[in-house]
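What follows is one structure encoded as structure tokens, with my remarks underneath.
The sequence lines fix the lettering, A, B, ..., with proteins before strands; numbering per chain opens at 1.
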Amino acid sequence: MSTGTGQLLRTRQEKLAALRARGIDPYPRRCTRSHRSDEAVAAFLAAEAEGKLGTDGEGPPVEVTGRILSWRGHGRSAFAHLEDGGGRLQVYFRRDILGRESFATLPLLDLGDWIGVAGVLFRTRTGEVTVRVARWRILSKSLRPLPLAKVEVDPETGARTVHSGFADRQSRYRRRYADLAVHPEVRDVFRVRAGVVAGLRRALDDRGYLEVETPALQPLYGGAAARPFTTYHNALGTTLYLRIADELYLKRLIVGGFERVYEIGKDFRNEGIDRTHNPEFTMLEFYEAFADYRRMMELVELLVHEVTLEVTGGPDIDYQGARVSTAPPFARTTFYGALASALGEDAAGLDDDALRVRTAAATGEAPDEGDGRGRLLDRLFSALVEPALVQPTFVTDYPTELSPLAKTKPGEPGVVERFELFIAGREIANAFSELNDPIDQRARLEAQAGSGRAGDDEAHPVDEDFLRALEYGMPPTGGVGIGVDRLVMLLTDSASIRDVILFPVLRPEEGR
RNA sequence: GCGCCGCUAGCUCAAUUGGCAGAGCAACUGACUCUUAAUCAGUAGGUUCGGGGUUCGAUUCCCUGGCGGCGCACCA
């Protein structure tokens, strides 16, 4: 630890000791408050509107609690801003009101301390509603300086200008508590996140869906193409995996007779980390018996629209400079149709070698030797089509090679009944008419397992129990997966998934 | 995994061709009873990410390692 930090910490320790020496408990057991800061201001404004202010313009007495964010001392008086769950409130200390002893204790406070103050509200000369403090008490001493920025507020527009501050992204994720303490806008992101999850849950509950919980610890993983995290259960003496998708368990529940089920939970994928990938992430999956992918498309359209309205107050989303409208209906295109428009020719008619050439041209790199047809099509689509899908767009009818759990489309060989929803160039939802033919499903899973033996380490093992469930009989079913984190990114204009996950996965901190 | 950029005081950042390592904020001391990026005067705070090299001299140039950001690749 550098000398600088040591000094800062030591100074605060000394103030802590000085408080105790004066018989003050820096961490009292209890405290009281009458108003949150926003409620206090509202109470003052109400009294003012009703002409109930005192002769000196004083409003109602309040008792508020908060963290000290700024301090402006003026000799025998001082101004500070406190922050609590309701926002910021200015407080004003005067020696002639507090008395010598109470006032003389103020220098033992630091930015970051929690205090409680009691007094009447008034307006300062500049018009700010402020507590004229008659009594104050420390509620919790801060021993480590918060990376507080200076904030300049334009009195006319209310626009905030932040001077210096806490900018290092990794430090902010690592010390999220400090990031949150210092950045109200970060707290807002997670309020929106909670609203999105609540909105999705309500929308599904209202439509007769049953919320369920399926295992995160699984003896076999499946339902997506991803490498799993592996763990070990001591008592059973067996390997377990953290789930990579909920899909196969939720379909077992449809077999069991629940007609509409959903789960909002964590999936875990042992893969790289980047702007749109965190190793653990939140997935919403929902399945509806007697529905197909077209019905699910309408449902997804409504869900996205409803949640957007709820969270933003309107149908539009501003994401990274683009304005997106979630007003239904969303655009619809087919996988091969969109690809043909972008490519200038029909990809379905190209042989693998030609596809390989087109892919190399589109991505600027030669595809891997082992890439199969499905993989090539996927890469080509990602490079040529996805970035252009800014307005909400359903892409339907994917190649069978990419979709081992989806029903084929009648009359269109090589295509399955599947859609993905893209917004702002990102995949938000993935859905299909679920394959319920146990024999076809077995054949496709075994083909996947075969490619696993051939070296594709993301293909799955065959889940015999899942196939047994299908053999009992699963009704026609539509299923959808929505990446909740990515939806929250859109709705909060966040560039990185780490900005919408409170504690994203990071390399462990070295040393202390 | 590859490429580019970066790592200097608690925070945000400077430092000329390679020539005494600086500023603002935070902290500390003092002044100041309506301030709000408060102001004014002063003080302290540094393994310039680590290691090696070139040089009279390295924050600066070279090599190497670490960490991070961004982009690419990967991610049915």
Distance below 4.0 Å between R125(A) side-chain N/O and rC34(B) OP1 or OP2
no

So that I can compare with my own list, what are the stems of RNA chain B, taken as at least three consecutive Watson-Crick or G-U pairs with distances under 3.5 Å?
B:1-7 with B:66-72, B:10-13 with B:22-25, B:27-31 with B:39-43, B:49-53 with B:61-65

For the residue pair P399(A) and L377(A), what are the closest heavy atoms and their distance?
CG-CD1, 3.8 Å

Do the numbers put R132(A) on top of the ring of F122(A), so that NZ or CZ is under 6.0 Å from the six-membered ring centre and no more than 45° off the axis?
yes

If the cut-off is 4.0 Å, is R379(A) near the phosphate of rC74(B), judged by side-chain N/O to OP1 or OP2?
yes

Rounded to the nearest Å, what distance is computed from the CG atom of residue L445(A) to the P atom of nucleotide rA76(B)?
16 Å

As a test of reading the structure: which of rC70(B), rA76(B), rU33(B) is closest to the side chain of A225(A), going by heavy atoms?
rA76(B)

From the set rA76(B), rG68(B), rG10(B), return the single nucleotide nearest to any side-chain atom of P404(A).
rA76(B)

Checking all strands, does N430(A) fall into the base, sugar-phosphate, or nothing category for heavy-atom contacts under 4.0 angstrom?
nothing

Expressed in whole Å, how much space separates the C1' atoms belonging to rU12(B) and rU16(B)?
23 Å

May I ask you to say what R172(A) touches in the nucleic acid, namely base, sugar-phosphate or nothing, with a heavy-atom cut-off under 4.0 Å?
nothing

Once you round it to whole Å, what is the distance between P of rA73(B) and CD of E386(A)?
11 Å

Using a heavy-atom cut-off of under 4.0 Å over every strand shown, decide if R88(A) touches base, sugar-phosphate, or nothing.
nothing

Considering only atom P, compute the distance from rA9(B) to rG46(B) and round it to an integer number of Å.
11 Å

For rU60(B) versus rG3(B), give the span between their C1' atoms, rounded off to a whole number of Å.
24 Å

Does R187(A) CZ have over 12 foreign heavy atoms under 6.0 Å away?
yes

Indicate, with a heavy-atom threshold strictly under 4.0 Å, whether F122(A) touches base, sugar-phosphate, or nothing.
base

Using atom CG of L69(A) as one end and atom P of rA38(B) as the other, report the distance to the nearest whole Å.
12 Å

Please report, rounded to the nearest Å, how far the C1' atom of rA76(B) is from the CG atom of L248(A).
13 Å

Between rG24(B) (C1') and L148(A) (CG): distance, integer Å
16 Å

Measure the shortest side-chain to side-chain distance between R20(A) and P26(A) over non-hydrogen atoms and say whether it is less than 4.5 angstrom.
yes

Touch check for R418(A), heavy atoms < 4.0 angstrom, all strands: base, sugar-phosphate only, or nothing?
sugar-phosphate

Out of rC34(B), rG69(B), rA73(B), which nucleotide sits closest to the side chain of D274(A)?
rA73(B)

Answer yes or no: is there a side-chain heavy-atom contact under 4.5 Å between K407(A) and E434(A)?
no

P atoms of rG66(B) and rA14(B), separation to the nearest Å
26 Å

side-chain contact (heavy atoms from CB on, under 4.5 Å) for E280(A) and K266(A)? Distances and angles first, verdict last.
CA-CA 6 Å; E280(A) 60 173 313; K266(A) 289 278 185 69; 2.8 Å; yes

Please state how far atom CG in D113(A) lies from atom P in rA26(B), giving the value in whole angstrom units.
16 Å

Heavy-atom donor-acceptor pair, R95(A) side-chain to rU33(B) base, under 3.5 Å:
no

C1' gap between rU59(B) and rG50(B), integer Å
15 Å

Tell whether Q90(A) reaches the base of rU35(B) with its side chain through a donor-acceptor pair below 3.5 angstrom.
yes

Between K15(A) and rA27(B), is there a contact of a side-chain N or O with OP1 or OP2 at under 4.0 Å?
no

Please tell me which of the listed nucleotides, rA76(B), rC34(B), rC32(B), lies nearest to the side chain of R76(A)?
rC32(B)

Need one value for Y398(A): base, sugar-phosphate or nothing, where a base atom within 4.0 Å counts as base even if backbone is also close, heavy atoms only.
nothing

Which value, in whole Å, describes the distance between the P atoms of nucleotides rA38(B) and rU43(B)?
23 Å

For T11(A), report the nucleic acid contact type (base, sugar-phosphate, nothing); a contact means any heavy atom under 4.0 Å.
sugar-phosphate

Base, sugar-phosphate or nothing for E401(A)? Non-hydrogen atoms, less than 4.0 Å.
nothing

What's the closest nucleotide to the side chain of A224(A) if the choices are rU33(B), rA76(B), rU35(B)?
rA76(B)

R144(A) has an atom CZ; how far is it from atom C1' of rA26(B), in whole Å?
15 Å

For Q170(A) and rG6(B), what is the distance between atoms CD and C1' respectively, to the nearest whole Å?
13 Å

I'd like to know if D84(A) pairs up with R67(A) as an ion pair, taking the criterion as any Lys NZ or Arg NE/NH1/NH2 lying under 4.0 Å from an Asp or Glu carboxylate oxygen.
no

Sticking with atom C1', work out how far rA15(B) lies from rG24(B), rounded to a whole angstrom.
15 Å

Taking only N and O in the side chain of R72(A), is any of them less than 4.0 Å away from OP1 or OP2 of rU35(B)?
no

Mind checking the OG1-CG spacing from T11(A) to D110(A)? Nearest 0.5 Å is all I need.
8.0 Å

Categorize R275(A) for me: base, sugar-phosphate, or nothing, with a 4.0 angstrom heavy-atom threshold over every strand shown.
sugar-phosphate

Mutual orientation of the aromatic rings belonging to F381(A) and F335(A) [parallel < 30°, tilted 30-60°, perpendicular > 60°]
parallel

Within the 4.5 Å heavy-atom criterion, are F229(A) and Y241(A) side-chain neighbours or not?
no

I'd like the P distance from rA21(B) over to rU47(B), given in whole Å.
14 Å

Kindly point out which of rU33(B), rC28(B), rA26(B) is positioned nearest to the side chain of L111(A)?
rA26(B)

